[in-house]
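Remember, it's 1-based here, ligands and their atoms both numbered in the order they're listed. We use all heavy atoms of the structure for the numbers below, so side chains are in, but hydrogens, waters and symmetry mates are not.
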Amino acid sequence: MSEKVSGYSRLQVSLHWAVVILVAFQFLAHNAIEATWNAHLDGTLPSQGSGLLTYLHIASGVLILALALCRLYLRYRRGVPQPPGDEPRILKILSESVHGLIYAMLLSLPVSGVMGWFFDFRLAVVVHEYLQAVLLGLITAHITGAIFQHLIRRSDVMMRMFAPEKT
Ligand code: HEM
Ligand code: HEM
């Protein structure tokens, strides 16, 4: 379906950074959802003031799922730029694997969260806790890779996500 493109579109770049902001929020403001969930498990009341942040965790998580699906659709319909011609095979495999696994986390984290929260499937929340740690590791590798491309390999790969293709 996709054609050969030399860069990401404005929409693809915007969606990438919108998801970065939402994911950062999920990690920086997770205390409220944890407190509410623990109170639910203990049969006590959550502390006052955690309600809004709890609902924002859920809303932001569901939005991440929707945006990740849009990105995958755009990937399929429009395509994404190829790695630089001189990219070693191992780096291609690494970056493609990390991107694929990040997408897998962006889909499975909201699904496990919804299963735990709305259907009281407690094992799903345990899985959710493991998956968020995996996502954090993948993001660290991803950012290291982007900086490595820019500073060491001196390729245009990092700038692709800052300067969309002019179409
Ligand atoms: C990509 C989207 C999401 C990310 C990145 C994410 C991330 C996180 C993080 C970092 C924590 C704290 C875990 C810990 O420190 O133990 C957490 C906890 C939690 N999340 Fe999410 N979350 C997402 C979506 C959702 C959704 C959509 C729901 C519910 C509908 C949800 C429900 C929960 C619950 C119930 C907890 C408490 C788990 C506990 O404290 O044991 N999450 N999430
Ligand atoms: C929450 C943090 C982040 C997540 C979840 C994330 C996720 C992703 C995903 C899934 C892709 C693949 C896009 C596709 O081809 O369909 C991607 C590409 C990319 N990201 Fe991120 N990203 C994050 C943070 C960052 C940061 C901080 C930077 C810059 C330092 C960055 C730079 C890039 C670049 C340059 C690409 C394109 C790589 C290429 O064309 O081979 N990302 N990101």
Side-chain angles (χ1 to χ4, degrees), residues 2 5-9 12-13 15-41 46 50 53-68 70-84 87 91-92 94-136 138-151 153 155-165:
S2 58
V5 289
S6 59
Y8 289 97
S9 69
Q12 283 174 309
V13 171
L15 286 172
H16 175 270
W17 292 110
V19 170
V20 171
I21 292 168
L22 292 171
V23 169
F25 173 79
Q26 297 299 78
F27 280 100
L28 295 174
H30 64 85
N31 289 349
I33 186 104
E34 267 184 83
T36 311
W37 181 253
N38 288 335
H40 166 70
L41 293 182
S50 56
L53 283 175
T54 296
Y55 287 111
L56 283 178
H57 184 91
I58 297 166
S60 162
V62 172
L63 188 56
I64 290 171
L65 173 66
L67 297 185
C70 291
R71 289 178 70 183
L72 287 170
Y73 176 73
L74 281 172
R75 244 189 106 87
Y76 169 67
R77 283 308 295 242
R78 178 188 180 272
V80 291
Q82 294 299 307
E87 181 104 323
L91 283 187
K92 278 188 208 165
L94 262 177
S95 72
E96 274 166 22
S97 312
V98 169
H99 290 167
L101 287 169
I102 291 179
Y103 275 123
M105 294 304 120
L106 296 181
L107 302 181
S108 51
L109 267 160
V111 169
S112 57
V114 164
M115 281 163 68
W117 185 264
F118 293 107
F119 302 101
D120 206 21
F121 183 31
R122 295 180 183 192
L123 184 63
V125 177
V126 176
V127 171
H128 190 77
E129 280 185 49
Y130 282 109
L131 293 182
Q132 58 86 23
V134 174
L135 177 60
L136 204 55
L138 289 167
I139 291 172
T140 309
H142 176 63
I143 296 175
T144 309
I147 295 172
F148 173 80
Q149 285 285 352
H150 193 65
L151 296 181
R153 282 192 45 80
S155 72
D156 68 340
V157 166
M158 192 172 106
M159 293 320 290
R160 288 168 170 183
M161 252 332 154
F162 291 91
E165 186 183 53

Original post:
Which atoms from ligand 2 have a heavy atom of R160 less than 4.0 Å away?
Top reply: 39 (C), 40 (O), 41 (O)

**OP:** Below 4.0 angstrom from a heavy atom of I139, which ligand 2 atoms are there? Numbered from 1 as shown, please.
**Re:** 1 (C), 2 (C)

Subject >> Proximity to ligand 2 by part of Q149, non-hydrogen separation under 4.0 Å >> reply: neither

**OP:** Give me the ring orientation class for H142 and H16: parallel if the planes are under 30° apart, tilted from 30 to 60°, perpendicular past 60°.
**Re:** tilted

Subject >> Distance filter under 4.0 Å to M158 heavy atoms, resulting ligand 2 atoms >> reply: 35 (C)

Subject >> Point-to-point distance, once rounded to the nearest 0.5 Å, from CG of L106 to CG of L135 >> reply: 6.0 Å

Original post:
For atom 39 (C) of ligand 1, which protein heavy atom lies nearest, and how many Å away is it?
Top reply: E129 OE2, 3.4 Å

**OP:** Go through the steps to decide whether E87 and Q82 satisfy the test side-chain contact (heavy atoms from CB on, under 4.5 Å), and finish with yes or no.
**Re:** CA-CA 10 Å; E87 181 104 323; Q82 294 299 307; over 6 Å; no

Subject >> atom 21 (Fe) of ligand 1 - number of protein N/O/S atoms closer than 2.8 Å >> reply: 2

Original post:
So, do V13 and F162 sit near enough that their side-chain heavy atoms are less than 4.5 Å apart?
Top reply: no

**OP:** Give the atoms of ligand 2, by number and element, whose distance to some non-hydrogen atom of Y103 is under 4.0 Å.
**Re:** 10 (C), 13 (C), 14 (C), 16 (O)

**OP:** Identify, by atom number and element, the atoms of ligand 1 in contact range of V114, meaning under 4.0 Å from any of its heavy atoms.
**Re:** 29 (C), 30 (C)

Original post:
Nearest protein heavy-atom contact for atom 15 (O) of ligand 2: which residue, which atom, what distance?
Top reply: R75 NH1, 2.6 Å

**OP:** Could you establish whether F25 and ligand 2 come within less than 4.0 Å of each other, counting only heavy atoms on the residue side?
**Re:** no

Original post:
Applying the side-chain hydrogen bond (donor to acceptor under 3.5 Å, both in side chains) test to E165, which of Q12, R160, R78 qualifies?
Top reply: R78

**OP:** Considering heavy atoms of the protein only, find what lies nearest to atom 35 (C) of ligand 2 and give residue, atom and distance to 0.1 Å.
**Re:** V157 O, 3.2 Å

Original post:
Do L91 and R153 have side chains that get closer than 4.5 Å, going by heavy atoms?
Top reply: yes

Subject >> Region of I64 engaging ligand 1 - heavy atom pairs below 4.0 Å >> reply: side chain

Original post:
Taking atom 21 (Fe) of ligand 2 as the centre, how many protein N/O/S atoms fall inside a distance shorter than 2.8 Å?
Top reply: 2

Subject >> Proximal atoms of ligand 2 relative to V23 (non-hydrogen, under 4.0 Å) >> reply: 1 (C)

Original post:
With atoms numbered from 1 as shown, which atoms in ligand 1 lie under 4.0 angstrom from a non-hydrogen atom of F27?
Top reply: 10 (C)

Original post:
With atoms numbered from 1 as shown, which atoms in ligand 1 lie under 4.0 angstrom from a non-hydrogen atom of V125?
Top reply: 38 (C), 41 (O)

Subject >> Closest to atom 28 (C) of ligand 2 among F162, Y8, W17 (heavy-atom distance) >> reply: W17

Subject >> Atoms of ligand 1 close to W117 [distance to a heavy atom under 4.0 angstrom, numbered from 1] >> reply: 29 (C), 30 (C), 35 (C)

**OP:** State, with a plain yes or no, whether a side-chain heavy atom of M105 is found less than 4.5 Å away from one of I102.
**Re:** no

Original post:
Tell me the side-chain hydrogen bond (donor to acceptor under 3.5 Å, both in side chains) pairs involving residues 117-129, sequence neighbours left out?
Top reply: H40-D120, S112-H128, D120-R122

Subject >> L107 and L72: CA distance, side-chain angles, deciding distance, side-chain contact (heavy atoms from CB on, under 4.5 Å) verdict >> reply: CA-CA 11 Å; L107 302 181; L72 287 170; 4.1 Å; yes

Subject >> Enumerated ligand 1 atoms positioned under 4.0 Å from heavy atoms of F118 >> reply: 30 (C)

Original post:
What is the distance from atom CD of E34 to atom OG1 of T54, rounded to the nearest 0.5 Å?
Top reply: 10.5 Å

Original post:
Can you tell me how far CG of L131 sits from CG of L136, rounded to the nearest 0.5 angstrom?
Top reply: 12.5 Å

**OP:** Would you give the length of the straight line joining atom OH of Y8 to atom CZ of R75, rounded to the nearest 0.5 angstrom?
**Re:** 6.5 Å

Original post:
Between CG of N31 and OG1 of T36, what distance do you get to the nearest 0.5 Å?
Top reply: 10.5 Å

Subject >> Neighbour count above 12 (heavy atom, 6.0 Å) for Y73 OH >> reply: no

Subject >> Distance from atom 9 (C) of ligand 2 to nearest protein heavy atom, with residue and atom >> reply: R71 NH2, 3.4 Å

**OP:** Go through the steps to decide whether I139 and V20 satisfy the test side-chain contact (heavy atoms from CB on, under 4.5 Å), and finish with yes or no.
**Re:** CA-CA 10 Å; I139 291 172; V20 171; over 6 Å; no

Show me the donor-acceptor pairs, under 3.5 Å and distance only, between side chains in residues 21-29 and residues at least two apart or in other chains.
unit_1: Q26; atom_1: OE1; unit_2: S60; atom_2: OG; d: 3.1
unit_1: Q26; atom_1: NE2; unit_2: H57; atom_2: O; d: 3.0

Original post:
From S97 OG over to L138 CG, what is the distance, rounded to the nearest 0.5 angstrom?
Top reply: 10.0 Å

